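What follows is a short report on a single structure.
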Amino acid sequence: MSLGTLPAPANSQLASAPAPGRAVTWLAIRQIRRGGLLVAGLSAGMTALVAATYAQVMADPAAAGSLQALAGNPAIRTLFGAPVGLDTAGGFTVWRVGTVIAILLGVWSILATTRITRGEEDAGRWDLLLSGRLRAPAVLLRHLAPVMAVAAATATAVTAVLLLSGTAPTGAVLHGAGIGLLGMFSVAVAALTAQVFPARSPATGTAVAVLCLGLLARMIGDGVTALGWLHWLSPFGLLSLSGPYVHNRVLPLLLLAAATALITVLTLTAARRRDVHDGLIPAAAGRRPRTRLLASVETFAVRRVTRPLTGWMIGIGAYYLLIGLTAVSVTDFLRDNPALAGDASQAGFEGLGSIAGFTATLFAILAMPVGGFVTARMTAFLADETDRRLTQLTSQPITRIRLIGAEIAVTAVAAAVLVTGAGLATWLGITAIGGELAVDAALSGTWNVLPIVLLSLGTAVFAIGWTPRWTGLLGGLPTTGGFLLLVIADSVAAPDWVRDISPFAHLAPVPLTEASMTASSVMLAVATVLTIVGVAGYRRRDLRS
Amino acid sequence: MTVPALRAVDLTKRYGHLTALDTLNLDVPAGEVFGFLGPNGAGKSTTIRLLLGLARPTAGRAEVFGVDAADVASAHQRLAYVPADVALWPQLTGAEILHLQARTGPGTDLAYREELVDRFALDPSKPARTYSTGNRQKVALIAAFATRAPLLVLDEPTSGLDPLMEREFRTAVRQARDRGQTVFLSSHQLAEVEAVCDRVAILRAGRLVDVSTIEDLRGLHRSDVTITYAGMAPDLSGIPGVEAIESAGERRLRFTLTGEPAPALRALAAVEVTALTMREPSLEEIFLDYYGTEATR
């Protein structure tokens with residue numbers, strides 16, 4: 001897409017300052033540059049790390065062959081994508097982190113797009129922009145271009161890293177291009193949902209749902225041979241059809257590019273047709289008051305968490321149900337191929353030979369989405385303060401401790417609901433296909449990650465009290481940061497004390513073993529201290545409104 | 001002596017090197033409608049944030065009916081607040097927001113609230129996201145006026161209201177005073193303050209310049225007059241109320257007029273005036289004119 005084709009306002013060259021469009025583009029860039037750099041950097045970093053460890057993992061020549069045999073197992077294909085081309089550093093990297101990076105970039109692209117388009121429009125700031133010389137479609141395009149540019153930059157960075165690692169140029173370019181296109185596709189979808197819905201949260205939710213459905217379609221297509229055609233309907237499926245380093249097909253990527261262009265054109269057409277602040281689906285004109293849960297600060301916190309909690313629960317529940325449904329197949333396969341179990345552990349999946357071990361490994365990962373949830377909730381609480389909605393409550397006879405206390409308590413309970421739901425979904429999946437995992441074992445496995453999640457909550461509360469600007473980043477530090485640290489430390493054989501900083505280094509593999517009371521208690525104690533110090537800071541600082 | 005509704009003692013707020021509010025000493029007696037005037041950036045909103053305990057003073061203290069402003073659980077039992085820029089939860093309807101405010105607030109007269117919803121012509125069934133600035137302000141005003149809190153703190157509450165609604169607002173303020181409620185009205189609209197306030201405080205660049213009754217403030221009220229004439233220039237020297245006479249170009253004269261215009265009009269009738277414009281100066285201009293630059297830091 002080219003910015004040069006924008007229709008310039010007829011008399012823009014007259015008396016006013018030149019290039020109003022450039023100013024709008026800069027505005028959009030300023031809103032996403034920090035996150036964009038982080039995403040591109042993380043993607044390049046993860047790719048570099050895995051490409052560099054390839055030699056180490058594949059030191060044993062026999063290992064490469066037996067790992068490739070994993071390709072035959074439907075469950076492995078379902079969970080991690082088709083493991084093809086594992087005999088090259090490039091193919092191995094694509095399999096190990098390709099999907100993760102694609103999801104990371106896709107989700108960030110959606111969040112960034114709806115935030116700077118529908119979110120800004122919701123807040124009324126676009127009224128000012130659109131009173132300028134640019135028309136709505138031009139302003140929209142100039143907001144989409146920078147987010148798409150981040151996808152392009154990520155693609156370039158990943159390709160460059162793969163080329164520098166000495167992998168085949170065709171595969172490197174195809175893989176990079178695929179990831180970049182998936183990012184751009186996500187931007188286009190989010191931009192379209194932002195035109196359809198008159199508010200930010202349904203726009204974001206629908207776009208994320210489209211991405212999740214795409215991932216699910218690819219998983220099913222990978223797992224069930226007869227449904228392989230589903231790949232053609234999913235952006236993730238098209239990425240795996242392109243088969244970097246193996247098939248090197250261009251057609252699927254061209255298809256993805258065409259879909260992206262088509263959705264972008266649809267979006268711009270929709271933007272031309274609708275009124276500012278409205279969507280294609282009109283906002284509800286009015287309704288009878290629903291006053292349930294509006295009686296106090298505490299119940300209002302419950303009311304605000306219900307909808308996001310439902311969304312996160314559906315996503316996390318679906319993933320762990322799938323884990324449950326495939327657990328028996330994966331573990332049977334690995335038990336029958338003991339050489340593979342060893343390889344899998346070298347590749348970062350330990351103890352996969354038994355259902356308990358398999359689920360324990362995947363339960364540890366649960367800390368990341370649930371940690372993301374609590375961080376998102378506390379960031380939303382801060383946004384209520386910054387956007388002055390909270391003033392309605394802070395000017396009431398309600399202490400700040402009660403205000404943030406209600407939010408912390410409700411968020412912690414919601415996190416408990418999420419981990420319980422994940423445990424039940426796993427148990428349900430395993431039981432449905434005749435596997436053996438007691439419900440209390442599943443629950444103790446998911447509850448085992450709760451201390452790490454509460455650590456995330458504590459860090460976010462600390463940030464709200466003392467460095468509100470960093471709430472999002474600090475909140476994600478114990479979970480996502482801790483997990484990345486562990487992976488990196490393991491990969492580069494870092495000294496033990498570096499590894500031990502990560503809370504995941506102390507997480508017992510429940511239900512394979514008993515939970516570590518010491519580790520859990522220490523984490524809970526640290527979380528409590530962080531929360532208390534954070535609340536104290538929040539109590540005495542000026543509100544940001 | 002009774003406890004003042006609001007009291008500021010050496011109240012100071014600094015943001016880094018910027019002094020937003022400089023040793024403010026102010027008492028607002030209970031039962032008064034008190035105007036708080038000042039140009040943009042004078043520190044009005046900062047003062048209100050300190051009085052509400054939303055921000056912490058760098059020095060000094062603020063009290064609401066003798067209770068430290070930081071003790072919000074107790075102080076806010078006695079007040080209701082309308083912010084300058086009302087932000088509402090977009091997914092809640094007007095009625096739901098009023099319900100939440102009533103249930104978490106210091107006590108609400110529900111019958112009076114219904115009456116206010118009618119008078120302000122608010123459709124409470126709509127989600128807040130669809131409300132205009134004026135409608136958001138109405139929600140906050142209705143919620144505040146419907147409380148029986150003895151003190152109402154209103155921060156530029158009418159900037160988004162149309163003239164009809166502005167009239168309803170003034171009526172509501174008078175009714176609040178008749179019930180014995182104290183009203184602290186921050187504004188930079190002189191006409192509004194003149195219409196409803198008993199006394200006013202004038203803030204400029206973070207400092208209290210004056211506290212006076214509304215009658216004294218009227219003395220500040222002067223209009224800018226510009227005339228164009230044919231033939232002889234009018235002789236305005238010595239005419240009561242006319243000051244600062246200056247030429248505004250060829251056959252044009254500019255002067256300021258305070259008080260009754262009759263003597264000046266008689267003097268102008270003596271010559272052939274071809275055009276006459278009168279402009280009420282902005283509050284800022286009055287400040288600059290009246291106080292000069294002495295109040296600037």
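All values below come from the heavy atoms of this structure, side chains included, with hydrogens, waters and symmetry mates left out. Since the model is a prediction, treat every value here as computed from it, not as a measurement.
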Heavy-atom nearest pair, B:Arg129 first then A:Pro198, reads CD-O, 3.6 Å

Which residue out of A:Ser201, A:Ala295, A:Ala199 racks up the most heavy-atom pairs below 4.5 Å with chain B? A:Ala295

Quick one: which of A:Arg400, A:Arg304, A:Arg303 has the most heavy-atom pairs under 4.5 Å with chain B, could you say? A:Arg400

For B:Leu88 versus A:Gln392, what's the shortest heavy-atom pair and its separation? CA-NE2, 3.3 Å

Select, from B:Gln91, B:Arg56, B:Arg49, B:Arg103, the one with the greatest count of heavy-atom pairs under 4.5 Å involving chain A. B:Arg56

Could you pull out the closest heavy-atom pair between B:Ala95 and A:Pro289, with the gap in Å? CB-CB, 3.9 Å

Is chain A contacted by the side chain of B:Asp85, its backbone, both, or neither, given a heavy-atom distance below 4.5 Å? both

Ignoring hydrogens, what is the shortest heavy-atom contact between B:Pro90 and A:Arg389? Give both atom names and the distance. CD-CD, 3.9 Å

Residue part contacting chain B, namely of A:Thr399, when any heavy atom lies under 4.5 Å: both

Between chain B and each of A:Arg541, A:Arg540, A:Arg402, count heavy-atom pairs under 4.5 Å; write down the option with the most. A:Arg540

In this structure, CG of B:Leu54 is separated from CG of A:Leu543 (nearest 0.5 Å) by 5.5 Å

Criterion side chain to side chain contact (heavy atoms under 4.5 Å, CB included) on B:His76 and A:Ile398, from CA distance to verdict: CA-CA 8 Å; B:His76 290 187; A:Ile398 298 163; over 6 Å; no

Heavy-atom pairs under 4.5 Å with chain A are the metric here; pick the option from B:Leu100, B:Leu50, B:Thr147 that has the most. B:Leu100

Look at B:Lys13 together with A:Asp542 and state whether they make a salt bridge at an N to O cut-off of under 4.0 Å. yes

Report yes or no: does A:Gln396 contribute a side-chain atom to a donor-acceptor pair with the main-chain N or O of B:Val72 at less than 3.5 Å? no

Does any heavy atom of chain B fall under 4.5 Å from the side chain of A:Leu390, the backbone, both, or neither of them? both

Step by step, work out the side chain to side chain contact (heavy atoms under 4.5 Å, CB included) result for A:Leu393 and B:Trp89. CA-CA 11 Å; A:Leu393 295 177; B:Trp89 266 282; 3.8 Å; yes

Just by distance, do the side chain of A:Arg290 and the backbone of B:Leu92 share a donor-acceptor pair under 3.5 Å? no

